[in-house]
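Working notes, structure below.
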Amino acid sequence: MSTRRKKAAGLMAGVVLLGIGGITPANAGVTEGQFESHISWWTAPTESRRWYDSNSSSDYTGIYFQGCQSDDFRGYDYASLRLWKDVPSAPDRSKGTRNNYCGWVDYGDPDDAGNYYFQLADVGQGDFIKIDYVKVGW
C-alpha cells in the first residue's frame with residue numbers, strides 16, 4: 001500500500017473511532033447552553049442579557065452575528081464586544097474583547113462558573129448597530 005493510501009486509511013480509521021466514541025469538536029454546534037436573539041440599534045456601552053455558565057464542559061463561549069447593519073452610510077464594519085463575568089459586590093471581570101465582523105467569534109473557555117454578559121464596546125463605522133440574528137453559545 002502506498003504511503004498516501006496508508007495515511008488516508010489511518011485518517012479514516014481515526015474519524016470512525018472518534019465518531020464511535022462520541023467525541024466531537026468544540027465548534028461542532030454541541031454546547032453547554034445557548035440562546036438566540038437580535039439587536040435593535042444598540043450603541044456602546046449597551047449590554048446583553050445575562051446567562052449562567054456552570055463551566056461543566058470546556059466549550060468555548062462565542063457569539064454569532066448574521067444580517068449586520070450600521071447607521072453609517074458606509075455600512076457595517078465590525079462591533080467590538082467585551083465578555084464580562086458578573087461578580088456580585090465587586091467589579092465585574094473582563095474575559096476579553098473581540099471584534100465581530102458579522103460572523104462567529106470565539107472567546108475561549110472562560111474556565112469559571114458564573115453569570116456572563118456581552119457589552120458593546122465600540123462600533124467600527126457609525127454609532128449604532130442592528131443585527132437581525134444573534135446566537136450566543138457556551
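Because the structure is predicted, anything quoted here is derived from the model rather than measured.
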Could you tell me whether D106 and R98 have a side-chain N and a carboxylate O separated by less than 4.0 Å?
-> no

Give the minimum heavy-atom separation between L120 and T43, together with the two atoms involved.
-> CD2-C, 3.6 Å

Return yes if some donor-acceptor pair links the side-chain N/O of K85 with the main-chain N/O of A113 below 3.5 Å, else return no.
-> yes

So which of Y116, W84, Y117 actually passes side chain to side chain donor-acceptor pair (under 3.5 Å) with D92?
-> Y117

Does one side chain, of D72 or S70, offer a donor that lies under 3.5 Å from an acceptor on the other?
-> no

In residues 124-134, what donor-acceptor pairs under 3.5 Å come from side-chain atoms, sequence neighbours left out?
unit_1, atom_1, unit_2, atom_2, d
Q125, NE2, G75, O, 2.8
K130, NZ, D132, OD1, 3.0
Y133, OH, E36, OE2, 2.9

With a 4.5 Å limit on heavy-atom distance, are the side chains of W42 and S48 in contact?
-> yes

Pair R93 + D86: basic N to acidic O under 4.0 Å | no

Indicate the atoms forming the closest heavy-atom contact of A44 with D122, along with that distance.
-> CB-N, 4.2 Å

For residues E32 and S54, is any side-chain donor paired with an opposing acceptor at under 3.5 Å?
-> yes

Cationic tip of R49 above F35 ring, under 6.0 Å, 45° of axis | yes

Applying side chain to side chain contact (heavy atoms under 4.5 Å, CB included), run through I63 and N100 and close with a yes or a no.
-> CA-CA 8 Å; I63 187 166; N100 190 316; 3.9 Å; yes

Y76 vs F65 aromatic rings, parallel, tilted or perpendicular, using cut-offs 30° and 60°?
-> perpendicular

Y107 ring center near F118 ring center (under 6.0 Å) = yes

